[in-house]
J.: 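Take this structure, written in structure tokens, and hold onto it; I'll ask about it next.
Note that the structure is a prediction, hence the values are computed from the model and not measured. Heavy atoms only: backbone and side chains are in, while hydrogens, waters and symmetry mates are out.
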Amino acid sequence: MNPIEQFDVVVVGGGPAGSTAANDLARKGRRVLLLDRAGRIKPCGGAIPPRAIKDFDIPDHLLVAKARSARMIAPSDTKVDIPIEGGFVGMVDREHFDEWLRERAAQAGAVRRNGKFERVGRDADGMSTITYVNGESEQRCTVRARSIIGADGARSAVAQQTVPGAEKTRYVFAYHEIVRAPATKPADYDGSRCDVFYQGHLSPDFYGWVFPHGDTLSIGTGSADKGFSLRNATSSLRTAVGLEGAETVRREGAPLPMKPLPRWDNGRDVVLAGDAAGVVAPASGEGIYYAMAGGRLAAEAVETLLVTGNARALATARKQFMKSHGKVFWVLGIMQHFWYSSDKRRERFVAMCKDKDVQKLTFDAYMNKELVRAKPMAHVKIFFKDMAHLLGLAKV
């Protein structure tokens, strides 16, 4: 019998988190297996801020569009346009973006395999075994690894088998349709604007969106309400923006975690990243940047484990992520819980976003991925304006 293949790291999942981790570790000379199921495309608006483009060396040719403004639409159909001053938000198509990331990892030295993860086991010497079904041959295969990064998405099988408490995660369900931009554009169509609909009939607890992708658009919505029809809401949204007759390229749906897991590692040789770790931002649903940041931190934690043998290093991935982004997630979580709970509150939320201070601080935080502290008086002004809207004292 041939000896079982052995790797320093097996990365399960080839999305932005897994591909980033595999690329970083392969560049350090580690023997990496990147295991991913072929044909899987995550439903995603595809927005990546300048911080992601800079930190992860995303080439311009992957940006299928550059959004230079956002439009927020209230339940009353009131529209608030917010320009992205001095920059843009890049838009990517996940079908091509994710594949480019996987191929970059392969060029760095990672071994790519098309396969479906089944289980983690343990050999007599204590080393982990990873069993998967090969996507081409349908044969069951087993490899050995010194460490494992679980980046296999929401409802991660790696997480549920190895990390205590992972099975308790709550989810929002997202659905979108990629449609072909018609030759004759609807009235008010703007291929450089992201439209966000805060309307209860499109989502009782999240929002609907129309995001430009160059020759196509992502149109979708999300909700934690299992009885809410995302397909019907998306159909209504397409009609509302004059794209009901546009060609549908593909349809995709998936669960999104509602908050970071309380623990990302098993205390021995497994650490989680991306949706598997729960790093989708509340309120905005943004995940690409946070997935890649988490993948990089997971790779750094694993590298330390491989060098030192100290399994406590794995816990640093979550610790460092929450240190950098935990406060933003907390603020966004409160915002979603309060402002998205009724159309009356959604109306006030959109009205509040007319304020230039709110717009600037919001986009500064989004573009740079940190709460801006440079203008304390602006924060004070926003606090009082926010309170006025909360108490119903401000005009809508």
Side-chain angles (χ1 to χ4, degrees), residues 5 7-48 52-53 55-64 90-118 130 132-137 141 143 145 147-159 178 213 218 250 252 254 270-277 279-280 287-300 302-303 317:
E5 279 186 289
F7 294 88
D8 292 318
V9 190
V10 172
V11 180
V12 182
S19 295
T20 298
N23 179 65
D24 286 2
L25 286 162
R27 289 188 181 280
K28 291 181 180 295
R30 297 298 178 183
R31 180 160 169 74
V32 180
L33 172 62
L34 178 58
L35 182 66
D36 190 64
R37 291 183 292 126
R40 175 196 54 78
I41 307 172
K42 180 185 174 182
C44 177
I48 56 172
I53 295 170
D55 286 1
F56 301 103
D57 299 319
I58 306 302
D60 194 70
H61 73 83
L62 286 176
L63 306 182
V64 293
M91 309 301 295
V92 297
D93 187 323
R94 290 292 296 273
E95 180 181 12
H96 305 295
F97 180 70
D98 288 18
E99 175 57 24
W100 183 87
L101 292 174
R102 289 189 287 268
E103 187 55 33
R104 178 166 70 173
Q107 291 177 6
V111 177
R112 285 187 62 179
R113 296 266 169 83
N114 169 18
K116 181 181 179 181
F117 167 83
E118 280 198 339
I130 298 88
Y132 66 94
V133 177
N134 186 288
E136 280 80 33
S137 68
C141 306
V143 297
S147 58
I148 302 166
I149 294 177
D152 48 333
R155 294 177 173 166
S156 160
V158 173
I178 298 294
H213 283 190
S218 166
R250 63 179 192 266
E252 295 147 0
V270 177
V271 65
L272 307 176
D275 282 11
V279 294
V280 174
I288 295 177
Y289 170 78
Y290 293 114
M292 298 180 81
R296 175 152 290 170
L297 290 170
E300 291 172 358
V302 164
E303 176 65 17

J.: Roughly how far, to the nearest 0.5 Å, is the CD1 atom of Ile149 from the CG atom of Leu272?
T.: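 Leu272 CG to Ile149 CD1: 10.0 Å, rounded to 0.5 Å.
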J.: Looking at every heavy atom in both Ala105 and Ala26, which two are closest together, and how far apart are they?
T.: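 Where Ala105 meets Ala26 most closely, the heavy atoms are O-CB, 4.3 Å.
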J.: Considering non-hydrogen atoms only, spot the tightest contact between Ala151 and Ala276 and give its length.
T.: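 Closest pair (atom of Ala151, atom of Ala276, distance): CA-CB, 4.3 Å.
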J.: Would the distance check show the side chain of Ser147 and the main-chain N or O of Asp8 forming a donor-acceptor pair, the cut-off being under 3.5 Å?
T.: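 Yes, Ser147 side chain to Asp8 backbone: donor-acceptor pair under 3.5 Å.
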J.: With rounding to the nearest 0.5 angstrom, report the CG to CZ distance, Asn23 to Arg296.
T.: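 That separation rounds to 7.5 Å.
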J.: Compare all side-chain heavy atoms of Val92 with those of Leu63 and state whether any distance is below 4.5 angstrom.
T.: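 In short, these two side chains touch, coming nearer than 4.5 Å.
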J.: Going by an N to O cut-off under 4.0 Å, is there a salt bridge joining Glu303 and Arg27?
T.: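 Here Glu303 does not pair with Arg27 in a salt bridge, since their nearest N and O are not under 4.0 Å apart.
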J.: Under a 3.5 Å distance rule, please check whether Arg113 uses its side chain to pair with a backbone N or O of Tyr132 as donor and acceptor.
T.: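 Side chain of Arg113 to backbone of Tyr132, a donor-acceptor pair under 3.5 Å: no, none is there.
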J.: Measuring from Met91:CE to Ile48:CD1, what's the distance to the nearest 0.5 Å?
T.: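 So the CE of Met91 and the CD1 of Ile48 are separated by 9.0 Å.
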J.: Please report the shortest heavy-atom distance between Ser19 and Gly14, naming the atom on each side.
T.: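 Taking every non-hydrogen atom into account, OG-O, 2.9 Å.
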J.: State, yes or no, whether a side-chain contact exists between Met292 and Asp55 at a heavy-atom distance under 4.5 Å.
T.: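 Result no, sub-4.5 Å side-chain heavy-atom pair not found.
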J.: For the CD atom of Glu99 and the CG atom of Asp36, what is their distance to the nearest 0.5 Å?
T.: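 Interatomic distance, Glu99 CD to Asp36 CG, rounded to 0.5 Å: 8.5 Å.
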J.: Applying the side-chain contact (heavy atoms from CB on, under 4.5 Å) test to Phe7, which of Val32, Leu33, Leu25 qualifies?
T.: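 Single pass found, and it is Leu33.
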J.: Would you compute the distance between atom CG of Leu34 and atom CZ of Arg102 and round it to the nearest 0.5 angstrom?
T.: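 With rounding to 0.5 Å, CG (Leu34) is 7.5 Å from CZ (Arg102).
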J.: What heavy-atom pair brings Asp152 and Ala157 nearest, and what distance separates the two atoms?
T.: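 Heavy atoms only, the tightest pair is OD2-N, 3.0 Å.
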J.: For Arg31, is the CZ atom crowded, meaning more than 12 foreign heavy atoms sit under 6.0 Å from it?
T.: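 Counting neighbours around CZ of Arg31, more than 12 heavy atoms of other residues, nucleotides or ligands fall under 6.0 Å, so yes.
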J.: Is any side-chain heavy atom of Pro16 less than 4.5 Å from a side-chain heavy atom of Leu101?
T.: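 Counting from C-beta outward, Pro16 and Leu101 do come under 4.5 Å.
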J.: At what distance, to the nearest 0.5 angstrom, does CD1 of Ile288 lie from CZ of Phe97?
T.: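 The distance works out to 5.5 Å.
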J.: Between Val133 and Glu118, is there a side-chain heavy-atom distance shorter than 4.5 Å?
T.: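 The answer is yes; the side chains approach within 4.5 Å.
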J.: So, the side chain of Arg94 versus the backbone of Cys44: is there a donor-acceptor pair under 3.5 Å, distance only?
T.: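 Not a single qualifying donor-acceptor pair exists.
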J.: I'd like to know if the side chain of Asn134 and the backbone of Cys141 have a donor-acceptor N/O pair within less than 3.5 Å.
T.: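 No, the answer is negative, given that no donor and acceptor are paired below the 3.5 Å cut-off.
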J.: Does the side chain of Val9 come within less than 4.5 Å of Lys28's, by heavy atoms?
T.: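 No, side chains not in contact.
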J.: Given Arg250 and Glu95, is the salt bridge (Lys or Arg N to Asp or Glu O under 4.0 Å) satisfied, shown in steps?
T.: CA-CA 11 Å; Arg250 63 179 192 266; Glu95 180 181 12; 3.2 Å; yes
J.: Can you give me the closest heavy-atom contact between Gly150 and Val158, atom names plus distance?
T.: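 Heavy atoms of Gly150 and Val158 come nearest at CA-CG1, 3.8 Å.
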J.: Quick one: does His61's side chain get under 4.5 Å of His96's, heavy atoms only?
T.: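 No, their side chains stay 4.5 Å or more apart.
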J.: Hey, is Lys42 close enough to Asp275 for a salt bridge, meaning N to O under 4.0 Å?
T.: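 Yes.
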J.: Looking at every non-hydrogen atom in both residues, tell me the closest pair between Ala299 and Asp24 and how far apart they are.
T.: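 Closest approach of Ala299 to Asp24, heavy atoms only: CB-CB, 4.0 Å.
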